[in-house]
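A short write-up of the structure that comes next.
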Amino acid sequence: MKLALLEQLRQRNPLVFTIANFVTVNDVANGLIAIGAAPMMSLEPAEAQEMVTAADGITLNLGTLTQQQIGQMHSVGYYAQLANKPVVLDPVAVGAIAFRKKIAREILAAFPVNLIRGNAGEITALVDVAWQAKGVDAGHGEADLQKVAKQVAQRYDCVVVITGPTDIVTDGQRLTLIENGSALFPLMTGSGDLLSSICAAFLALTTETVDDFSAVTAACQIYATTGELAAQSLTAELPNSFRTALIDRLHTVTVAEIEKVARYQELK
Amino acid sequence: MKLALLEQLRQRNPLVFTIANFVTVNDVANGLIAIGAAPMMSLEPAEAQEMVTAADGITLNLGTLTQQQIGQMHSVGYYAQLANKPVVLDPVAVGAIAFRKKIAREILAAFPVNLIRGNAGEITALVDVAWQAKGVDAGHGEADLQKVAKQVAQRYDCVVVITGPTDIVTDGQRLTLIENGSALFPLMTGSGDLLSSICAAFLALTTETVDDFSAVTAACQIYATTGELAAQSLTAELPNSFRTALIDRLHTVTVAEIEKVARYQELK
Amino acid sequence: MKLALLEQLRQRNPLVFTIANFVTVNDVANGLIAIGAAPMMSLEPAEAQEMVTAADGITLNLGTLTQQQIGQMHSVGYYAQLANKPVVLDPVAVGAIAFRKKIAREILAAFPVNLIRGNAGEITALVDVAWQAKGVDAGHGEADLQKVAKQVAQRYDCVVVITGPTDIVTDGQRLTLIENGSALFPLMTGSGDLLSSICAAFLALTTETVDDFSAVTAACQIYATTGELAAQSLTAELPNSFRTALIDRLHTVTVAEIEKVARYQELK
């Protein structure tokens, strides 16, 4: 697990352009700054090409998409592919809303993405596996999520993350289970959106020896562990104090602190 | 006062679709999660019908409306009426901005709502009673607010809440005054918007024996009392710490805690 | 330094209409309330004239502008000039994105503004002085920022503020350096946006004996010092706790507290 990427990220300060969900955009920006990246948001298609040129990583968040944002996402995807910039897709609520699933599939058909990150309800929906999603929440179901994650990764030739009590990270072959975390994550709206944009920052650090899968696995491990540490600092189950503690802790956490408590399994 | 509805809400986890004010949307989402509901937001008219189908309760917040949102609200209202889903209208700033008053009235003419929640400046404006509203704030005036609230409730055949130092809840006949609260509420932007969406969550719990008036009264009592408890936990008048404490407390507060300090008057 | 304007602001409670950046809008609203002003936001051109009429001060924030917002800004600028309401321009990211620089210049050509507030990357861009801006951040460069600030102030006949480790305030002749502050300010997204809107509130207090330069200088000194006090209350470099502490402190800070620690230089 390449946890030392956290130190590289803080040196490089990658610029992450997020087409953002208006519910969670402020926490995404503050969380990116806290961990050591730089946020940039835009709603205007006319500046899509310039934003891509400036960016080191890009996140497309479907959380509160509009027709205008859909056009902007296609524009951004086109320029990102030309410029070889890493792209993360966060398919918010595609498990609950058929309109969004259609939009997500059109995006995935139009240009390549490096990572799809969602909850169980969202990722299962992309391959029409039965699951009861609930709004933006994971919902419940009986599917084999490791298998589904691999299937989505293979179909779209990208890394896939399913976040939940245990996070699943796969590139279709390798699969890592991340066992750190906190029950407070699902009580904070945007905790998943922030992870997606942090993954985009880590994807800006790939090299010949650090591939997308390694970068995303490290990002997810660092995020889950930081949340666990943040939750431990609270005296009770306090969801809004957790938000503050998480963003604070993203700024102060060290690789050594994470290594000490990281729990994960690397599977085939 | 049916305060035990709080426990039912936490068991049922109603999904609240809010057409939201972009200033306050994050606190609305986190506050809904904290109390035990599930938030969903959307800006896109094309998914209006699906959002209504998925939702247990709906809030239309005029706080930062656009022409596109107005169309979306009419669409959502139409589908909500067909599907018999409870609708809350939060007529932000209709007391200060004539354009918004016109939009609010068109909404109220187009489809029924279960609740209108606003401050004194907003509710008086709906029936053209003299009042000096100031932007999104209540402003000041001499009108008999209990009378105005009943008048609005009768005209639009719905429950009406006027929030302020004392909250007024009426269905046009019954009227309850809620005397808990905190001077910190008006220092937190969106404290009213969050209450509107929490009321939508409680309106999802109505049954043959729990009507809209009872559900809304309980919601307002629980919210005002939780704010009072949150304010008591602070060492000074700290508005942003209050925001955090309020959302935290919505998660931890119990029916027994509320019963112990609830102060209200049930009037004819 | 007219620091007592803070007390006048709290008595007058000026209404500030901000065409806002959706990333930071919530903190701008809460920060304005905290210091003693009243916030109002709008996305809808149809209510531009009414918003200007109601407002005591206006901020145009380019942070996440759209074509629709550009039209709204021109409308608002037109009505503000007619009604003689003070206008602040916050030219977010004009140093990094050419599209935004073009829009900012069109705004500055169309109607007068009282203040332009930005970081070094943004203000240098307005007069095409070489600087390496990075996204919404200041970036780095070798230009003489005091000279650039004066040049921009003279060209656009307004007050100019460049925020940074030392803030520069000038009207093209007088120039004040504000030396208070905190390294935590750049870790909070929107810390500059909030200052711009606070400046608009102070610009509502000008009289025959308090001109725009004096009002803006006081606003910047009060804000920088309050941030310094907020940072001192923290036990570590905690960016999200700083946000909460800053907004809390804007509510509780007194003129006497600021006078005690204010550090500034008044230059020609």
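Every chain is numbered from 1 and lettered A, B, ... according to where its sequence line falls, protein lines coming before strand lines.
- Looking at C/Asn26, neither its backbone nor its side chain comes within 4.5 Å of chain A, counting heavy atoms on both sides.
- Contact count versus chain A (heavy atoms, under 4.5 Å) is highest, among C/Pro186, C/Gly63, C/Ala98, for C/Ala98.
- Residues C/Val88 and C/Ser197 are not in side-chain contact: their nearest non-hydrogen atoms beyond the backbone lie 4.5 Å or more apart.
- Side-chain atoms of C/Leu62 and C/Ile107, non-hydrogen and from C-beta on, do get closer than 4.5 Å to each other.
- By number of non-hydrogen pairs under 4.5 angstrom with chain A, the leading residue of C/Thr66, C/Val92, C/Ile97 is C/Ile97.
- Residues C/Leu115 and C/Val161 are in side-chain contact: their nearest non-hydrogen atoms beyond the backbone lie under 4.5 Å apart.
- Within the 3.5 Å criterion, the main-chain N or O of A/Ser191 finds a donor-acceptor partner in the side chain of A/Tyr223.
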Worked verdict on A/Glu257 versus A/Arg249 for salt bridge (Lys or Arg N to Asp or Glu O under 4.0 Å):
CA-CA 11 Å; A/Glu257 283 182 303; A/Arg249 212 59 176 93; 2.8 Å; yes

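- Surrounding OH of C/Tyr78 are at most 12 heavy atoms belonging to other residues, nucleotides or ligands under 6.0 Å away.
- The interface of residues 236-243 of chain C with chain A, defined by heavy-atom distances below 4.5 Å, comprises C/Glu237, C/Leu238, C/Pro239, C/Asn240, C/Ser241, C/Arg243.
- Pairing each heavy atom of A/Ser42 with each of A/Met51, the nearest pair is CB-CE, 3.8 Å.
- Using a 4.5 Å heavy-atom cutoff, the side chains of C/Ile198 and C/Leu250 are in contact.
- At a 4.5 Å heavy-atom cutoff, the contact between A/Thr252 and chain C is made by side-chain atoms alone.
- Neither the backbone nor the side chain of A/Pro45 has a heavy atom closer than 4.5 Å to any heavy atom of chain C.
- Interface summary for chain C: among A/Asn13, A/Leu246, A/Thr24, A/Val28, the most heavy-atom pairs under 4.5 angstrom belong to A/Asn13.
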Where do A/Asp167 and A/Arg117 land on the salt bridge (Lys or Arg N to Asp or Glu O under 4.0 Å) test, with the steps shown first?
CA-CA 10 Å; A/Asp167 295 338; A/Arg117 190 220 60 84; over 6 Å; no

